[in-house]
Amino acid sequence: MNIVVIGSGGREHALVWKLQQSKLADKIFVIPGNGGTKNNMLFAVDDFRKIKAFCRRELIELVIVGPEIPLANGIVDEFKNTPVMVFGPEKRAALLESSKIWAKKFMQKYGVATADFWEANPDNPEEIKKIISKLKGNCVVKFDGLAAGKGVFVCSSEKEALSAIENIQTKYGEDASFLIEKKLKGKELSILAVTDGKSYKLLQSSQDHKQLLEDDKGPNTGGMGAISPVPFFKEKIKKNIIEKIIEPTMHGIAQENFDYKGVIYFGLMLTSEGPKLLEYNVRLGDPETEVVLPALKSDLLQLILSCFEGNLSDFDLQFYQDHFIDVVLVSGGYPKSYQKGFEITGLENLEKDTLLFQAGTKRSEKKLLTNGGRVLNIVTRGKSLNEARKKVYKECGKIEFEKKYYRKDIGKRN
Ligand code: AMP
Ligand code: GLY
């Protein structure tokens, strides 16, 4: 079958790599793709008219959506009543990611364990101040809409919280919707599940490293590295998360009768009061995908098709027992301003079993050039996390481009 993957990051390169291993896959196109992917079609990810025309022309049977924007804009709805299967939730269900307030109300309605929250009314600043003062400033201020990870402010004082609100209002307007959430403490992890809207299958646990600097300091980024599985994700914790978060969510999705054949991502924190859900994403996470797909032994395409054929619950999902680690090489200056167009060298020196998922890269004649903030994902595997770590850092040293930067402590937290 001919397939389109939508997106241009390491996640999409990893998707293509995994899909290619399936006997059922014929031609795989990527819209718009990057320097590591072939058959790139340079349309915008939300240009549905062009994407639809392309799918008709190339007899595409399946579209797999990487990023959130096309899902939030209704790409699944757009393809309804066509022969093309689109792996992702319909627009209504994509609100679980595209509106944080809507998602919180869904969690409340279906009894999903999460932090207490208050929907802020921008017309009533006195009430907002009262809430912040009650929490002694220990709160998280979240812009309601999609913000590519830049709409969340974790605060430790009233002053910080008020300046977070100011920041949101400057960026998104005086009447921007936002919420205030109680700040929680604990270790974070991500659980991704494949769902057909009724049943679900969990992929291996994973953990992102969002901050730019070592010891989780500095500004948030799109992700500086990831590991899978997460060492502390033991049976008892898993059972608790399923009971308090995953099952109530899946019940809600079924009750709302969402058309949802796709991935649901649970961003979790393990607190002293048990696991709490921080956020949903309605897609595969990046960089989590770059470790979760290598850990998957089963055929990804068959797994996806089982969602459309109604037999996901019978799918026998298999994983490798190894540990996987991803270190992201970024352009110096990222996530603020950085230069692009530097030549990337040394790829030929990587070990045979090292995986390289490209992100901000592009090909120019015979050269590979940097073309974004997050440039490359280097993924290795080992019998232990420690073994995988040692391998990955040997590999990071082999690749060169001007102003290369990466964190040296990925996978060290646990
Ligand atoms: P979100 O996009 O909602 O997952 O938030 C981004 C990051 O902010 C999370 O990965 C957490 O590190 C942090 N965060 C979000 N909500 C909370 C919370 N209630 N308490 C503490 N940290 C949070
Ligand atoms: N790794 C978090 C995300 O994909 O949003």
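Both ligands and their constituent atoms are indexed starting at 1 by order of listing.
- Between Phe143 and Tyr172, the ring-plane angle classifies as parallel under the 30° and 60° cut-offs.
- Looking at heavy atoms from C-beta onward, Glu78 lies in side-chain contact with Lys52 at the 4.5 angstrom threshold.
- Side chains of Lys391 and Thr354: no donor on one and acceptor on the other come within 3.5 Å.
- If you check which protein heavy atom lies closest to atom 5 (O) of ligand 2, you get Arg283 NH2, 2.9 Å.
- The protein atom (non-hydrogen) at minimum distance from atom 1 (N) of ligand 2 is Glu288 OE1, 2.8 Å.
- Ring geometry for Phe106 versus Tyr280: interplanar angle over 60°, hence perpendicular rather than tilted (30 to 60°).
- Listed for the Asp144 side chain is a donor-acceptor partner under 3.5 Å among the backbone atoms of Ile101.
- Considering backbone and side-chain atoms together, Asn220 places no N or O closer than 3.5 Å to any N or O of ligand 1.
- Considering only non-hydrogen protein atoms, atom 16 (N) of ligand 1 sits nearest to Lys142 NZ, 3.0 Å.
- Looking only at protein heavy atoms, the nearest one to atom 2 (C) of ligand 2 is Tyr265 OH, 3.4 Å.
- Considering backbone and side-chain atoms alike, Val140 places every N or O at 3.5 Å or more from each N or O of ligand 1.
- With contacts defined as side-chain heavy-atom distances shorter than 4.5 Å, the pair Phe232/Gln207 qualifies.
- Polar contact with ligand 2: present for Asn281 (N/O pair, distance under 3.5 Å).
- If you look at Lys276 next to ligand 1, there are no close heavy atoms at all, none under 4.0 Å.
- Phe258 and Trp102 have tilted rings, their planes meeting at an angle from 30° to 60° on a 0 to 90° scale.
- Taking the centre and axis of the six-membered ring of Phe48, the NZ or CZ atom of Lys50 falls outside the cone set by 45° and 6.0 Å.
- Residue contacts with ligand 1, taken as heavy atom pairs separated by less than 4.0 Å, involve Leu184 via backbone and side-chain atoms alike.
- Evaluated by nearest non-hydrogen atom to atom 12 (O) of ligand 1, the leading choice among Lys100, Glu188, Glu181 is Glu188.
- Of the protein's non-hydrogen atoms, the one nearest atom 7 (C) of ligand 1 is Val152 CG1, 4.4 Å.
- Distances between N or O atoms of Lys210 and those of ligand 2 include no value under 3.5 Å.
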